[in-house]
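Scroll down for the structure; my scribbles are underneath it.
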Amino acid sequence: MTFTSPIPDDVLPMTPAMFNILLALADGEKHGYAIMLEVEANTQGVVKMGPGTLYGSIKRMLASGLIEECAERPDPALDDERRRYYRLSGMGQRALRLEAERLERQVSVARFKHILDGTS
Amino acid sequence: MEKTPNAPRALILSTRVYQALLAVYPSEFRQAYGSPMLQVFRDCCQQALRESGAAGLLSLWSRTMLDTVQTAFEQHTQRGVEMSKEKFYKLSGWALMFGGLAVMLGWLAGTRPEYNRFSAFSQPIDRYANALEFPLIVMGLLLLSVGFTGLYLRYGQAAGSFGRLSLGLGALSGVVSAVGAIGLGIKDSNPWWSMFFFGMTFQYLGLTLFGVANLRLRVLPRWNGLPIFAGFWVPLFVVVSIIIEQVRGGWAEWPEAVFMTLWLLSLAGLAGLGYLLQSDAQTMDTAVAAV
């Protein structure tokens with residue numbers, strides 16, 4: 001029997017910072033600064049997270065089980081060994097999918113009301 | 001933070017100021033994330049200087065100041081809430097232990113005959129037992145409700161909606177039962193008796209149903225059968241007694257030894273749950289300090 005732990009109630013809907021961090025981690029493990037850069041790139045520079053927001057969200061997501069800290073560090077010759085790397089957990093992947101679906105439904109409503117083509 | 005030999009003065013100064021600024025965060029948060037935050041800030045400074053020079057650094061500082069004030073406030077608030085929760089979990093652990101004990105002692109006091117100084121069967125202790133019966137039961141029922149609230153807050157989220165509903169039913173029924181017990185102490189009448197009796201039945205039923213949800217989802221750190229063990233016998237006793245009453249036409253008389261054994265088993269279960277809540281709160285203490 002496979003056991004999947006339920007997603008905590010206070011996780012969904014997510015804060016924009018949490019959603020962006022999870023999205024940044026969707027294609028592999030990253031350290032804090034790499035997450036920050038990816039979020040900035042993914043949002044065309046609209047979202048610029050400070051270190052406090054970044055690590056405050058990371059702390060919360062670690063506690064909720066959405067992300068995990070990677071035990072293995074990359075080769076110190078390739079990267080700073082003091083950096084901490086994070087990756088999505090199984091629950092984090094599920095929560096990210098649910099949140100993306102929720103946002104998609106909202107966008108569908110906006111599309112239905114012609115918000116996006118400016119004809120309303 | 002290591003100093004890069006060719007680092008510009010602005011970069012070194014900025015990282016030093018930010019390092020000092022980290023003092024505004026709670027110490028646990030700073031210990032856990034201060035170093036990576038400083039490193040990220042340093043990376044941001046390097047990027048800002050490289051791309052936009054002093055203007056970029058100024059812009060970064062304005063954003064960082066705002067971010068620091070906002071997130072430091074959040075972390076302090078969160079820490080306060082976590083501390084209060086931990087204290088409440090510990091308190092509700094004690095409430096489960098002493099609540100179970102008080103209800104059992106209340107029942108025990110109720111088994112004593114009414115004190116009569118002229119009766120050879122009356123003992124001096126009966127005077128105190130008679131006086132303490134209802135206060136002990138009321139206190140016990142209310143303490144158990146506090147304990148159930150602690151279980152709800154600590155494990156409710158993981159126990160799912162059925163588990164939460166069961167614990168909510170248990171906590172609320174305990175209060176209803178306590179009100180019934182107070183009413184009974186004032187005036188011995190059927191409505192008060194029903195309120196007390198069925199309130200208590202639903203209180204223990206709530207615990208048992210939470211135990212069922214718990215067996216399925218395994219939300220307790222260990223001893224997952226404890227809620228059923230502590231709670232099942234009260235609703236079971238009521239159902240069996242009602243069936244016997246329907247069949248025989250009269251309320252069944254049970255030996256006191258049977259009750260005593262069942263109360264003791266229930267007390268052991270409640271004490272175990274109380275211990276779990278307390279030890280879990282201590283684990284959280286350590287975890288919160290580490291995060």
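Letters A, B, ... are given to chains in the order of the sequence lines, protein chains preceding strands, and every chain is numbered from 1.
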Can you see which heavy atom on B:Y25 is nearest to which on A:G52, and at what distance? OH-CA, 3.5 Å
Is the number of heavy atoms from other residues, nucleotides or ligands within 6.0 Å of CZ (B:F202) greater than 12? no
Kindly check if the number of other-residue, nucleotide or ligand heavy atoms within 6.0 Å of OH (B:Y275) is above 12? no
State, to 0.1 Å, how close A:Y33 and B:Q47 come at their nearest heavy-atom pair, and which atoms those are. OH-OE1, 3.0 Å
Does B:D67 reach the main-chain N or O of A:M49 with its side chain, forming a donor-acceptor pair under 3.5 Å? no
Rounded to the nearest 0.5 angstrom, the SG-CG distance for B:C44 and A:L37 is 7.5 Å
Heavy atoms only: give me the nearest B:F29-A:G56 pair and the separation to one decimal. CZ-N, 3.9 Å
Show the nearest heavy-atom pair for residues B:T71 and A:T53, with the distance to one decimal. CG2-N, 3.4 Å
For B:F162, look at atom CZ and say whether over 12 heavy atoms of other residues, nucleotides or ligands are found less than 6.0 Å away. yes
With a 4.5 angstrom heavy-atom cut-off, is it the side chain or the backbone of B:E74 that approaches chain A, or both, or neither? neither
A:G32 versus B:V40, closest heavy-atom pair with distance: C-CG2, 4.0 Å
Proximal component of B:Q70, with respect to chain A [non-hydrogen, under 4.5 Å]: neither
Check against salt bridge (charged side-chain N to carboxylate O under 4.0 Å, His left out), A:R83 and B:D43: CA-CA 12 Å; A:R83 289 192 193 277; B:D43 290 336; 3.0 Å; yes
Would you name the heavy atoms of B:F41 and A:P51 that are closest together and state the gap between them? CB-CG, 4.1 Å
Could you tell me whether A:E101 atom CD has more than 12 heavy atoms of other residues or ligands within 6.0 Å of it? yes
Decide side chain to side chain contact (heavy atoms under 4.5 Å, CB included) for B:Q39 and A:H31; before the verdict, give the C-alpha distance in whole Å, the side-chain angles of both, and the deciding distance to 0.1 Å. CA-CA 11 Å; B:Q39 197 167 18; A:H31 56 72; over 6 Å; no
Heavy-atom neighbours of B:W61 CH2 exceed 12 at 6.0 Å: yes
